[in-house]
Amino acid sequence: QVQLVESGGGLVQPGGSLRLSCAASEYASTISWFRQAPGKEREGVSCISDLDGKINLADSVKGRFTVSRDNAKNTVYLQMNSLKPEDTAVYYCAQGCTIVAGNLTDIGLRVWGQGTAVTVSS
């Protein structure tokens, strides 16, 4: 079973940038990013798949976040720019991608990383 480890979280000021990494123990064709803010439900952020070459981003992060991968390192990156306080959350990566009615969901995703915390605050 693939193991996933996130890194790169931290404290950043509004308008700043962070790059999160999701390192897999072996190649994983499809990786999703989710986030969960305190007291809120988990929210799908992005999905990248080698199976169809598609990248999906939630509307809330389009234009600010990008996702990429380095298959030589079995790593997927989430580049987060123009960060806002509402981006504050624990960010998780998961193996696979489930899209229902155009929205990223965690349905059927069984392999998750431990999460990395992002705080956007002045």
Side-chain angles (χ1 to χ4, degrees):
Q1 172 169 297
V2 171
Q3 295 182 327
L4 303 174
V5 178
E6 302 95 336
S7 61
L11 173 64
V12 63
Q13 293 187 342
S17 297
L18 280 177
R19 189 178 78 160
L20 306 184
S21 300
C22 173
S25 58
E26 59 189 71
Y27 173 73
S29 61
T30 305
I31 294 288
S32 299
W33 283 98
F34 288 80
R35 65 185 181 186
Q36 188 164 21
K40 294 188 176 181
E41 293 186 356
R42 189 156 53 190
E43 174 190 17
V45 175
S46 72
C47 167
I48 184 168
S49 177
D50 279 344
L51 298 179
D52 55 12
K54 289 185 178 179
I55 293 174
N56 296 89
L57 289 165
D59 288 343
S60 58
V61 304
K62 281 181 181 175
R64 301 187 298 121
F65 291 12
T66 60
V67 61
S68 62
R69 66 188 304 155
D70 183 343
N71 287 340
K73 297 181 179 179
N74 292 331
T75 300
V76 170
Y77 303 100
L78 183 67
Q79 178 67 44
M80 307 187 296
N81 300 326
S82 302
L83 283 161
K84 305 174 181 180
E86 51 263 44
D87 294 317
T88 295
V90 177
Y91 284 71
Y92 301 89
C93 61
Q95 182 183 20
C97 177
T98 303
I99 298 177
V100 177
N103 295 312
L104 294 166
T105 81
D106 57 9
I107 297 172
L109 303 184
R110 295 183 177 86
V111 178
W112 293 80
Q114 83 290 348
T116 186
V118 171
T119 302
V120 184
S121 175
S122 55

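For the atom pair Leu57 CG and Ile55 CD1, the distance stands at 7.0 Å (nearest 0.5 Å). A distance of 9.5 Å separates CG in Asn81 from CG in Leu18, rounded to the nearest 0.5 Å. Remark: Ser46 OG to Asn56 CG distance equals 8.5 Å, nearest 0.5 Å. Distance check, rounded to the nearest 0.5 Å: CG of Leu78 to OG of Ser68 gives 8.5 Å. Here the CD1-OH distance, from Ile48 to Tyr77, works out to 11.5 Å after rounding to the nearest 0.5 Å. Taking CD of Gln36 as the reference point, atom CD of Glu43 lies at 10.5 Å (rounded to 0.5 Å).
Proximity of a side-chain donor or acceptor of Arg69 to a complementary backbone N or O of Ser29 within less than 3.5 Å is detected. Checked by atom type and distance alone, the side chain of Ser21 never pairs as donor or acceptor with a backbone atom of Ala23 at under 3.5 Å. Judged by distance alone, with hydrogens and angles left aside, the side-chain atoms of Thr75 form no donor-acceptor pair with the main-chain N or O of Asp70 at under 3.5 Å. The main-chain N or O of Gln79 is never found under 3.5 Å from a side-chain atom of Arg19 such that the two would form a donor-acceptor pair. Side-chain atoms of Glu6 come within 3.5 Å of backbone atoms of Cys93 as a donor-acceptor pair (strictly under, hydrogens ignored). Listed for the Thr88 side chain is a donor-acceptor partner under 3.5 Å among the backbone atoms of Val120. The closest donor-acceptor contact from the side chain of Thr98 to the backbone of Ile107 lies under 3.5 Å.
A 6.0 Å sphere centred on CD of Glu26 holds more than 12 heavy atoms belonging to other residues, nucleotides or ligands. Heavy atoms of other residues, nucleotides or ligands lying less than 6.0 angstrom from CD of Gln3 number 12 at most.
Under 3.5 Å, the side chains of Tyr27 and Asp50 contain a donor-acceptor pair of N or O atoms. Side-chain polar atoms of Tyr91 and Arg35 form a donor-acceptor pair below 3.5 angstrom.
Residues Val12 and Met80 share a hydrophobic cluster, clusters being chains of Ile/Leu/Val/Met/Phe/Trp/Tyr side chains in contact below 4.5 Å. When hydrophobic clusters are built by joining Ile, Leu, Val, Met, Phe, Trp and Tyr residues whose side-chain heavy atoms come closer than 4.5 Å, directly or via intermediates, Val5 is not grouped with Tyr92. Taken together through direct or relayed side-chain contacts under 4.5 Å among Ile, Leu, Val, Met, Phe, Trp and Tyr, Val111 and Val90 form parts of separate hydrophobic clusters. A continuous path of ILVMFWY side-chain contacts below 4.5 Å connects Val76 to Phe65, so both sit in one hydrophobic cluster.
For the pair Arg42 and Trp33, the cation does not sit on the ring face, since its NZ or CZ is not both under 6.0 Å from the ring centre and inside 45° of the axis.
When all heavy atoms are compared, the tightest approach of Ile31 to Gln95 is CD1-CA, 4.1 Å. Across all their heavy atoms, Ala24 and Val2 have their closest contact at CB-CG1, 4.0 Å.
At a threshold of 4.5 Å between non-hydrogen side-chain atoms, the residues Thr116 and Leu20 count as touching. The shortest distance between side-chain heavy atoms of Leu104 and Val45 does not fall below 4.5 Å.
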Would you sort out whether Thr105 and Ile99 count as a side-chain contact (heavy atoms from CB on, under 4.5 Å), showing the intermediate values?
CA-CA 6 Å; Thr105 81; Ile99 298 177; over 6 Å; no
TODO: Evaluate the side-chain contact (heavy atoms from CB on, under 4.5 Å) criterion for residues Ser121 and Leu11: first the C-alpha distance (whole Å), next the side-chain angles of each, then the deciding distance (0.1 Å), finally the verdict.
DONE: CA-CA 7 Å; Ser121 175; Leu11 173 64; 4.2 Å; yes
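With sequence neighbours left out, the side chain to side chain contact (heavy atoms under 4.5 Å, CB included) criterion links Glu86 to Lys84.
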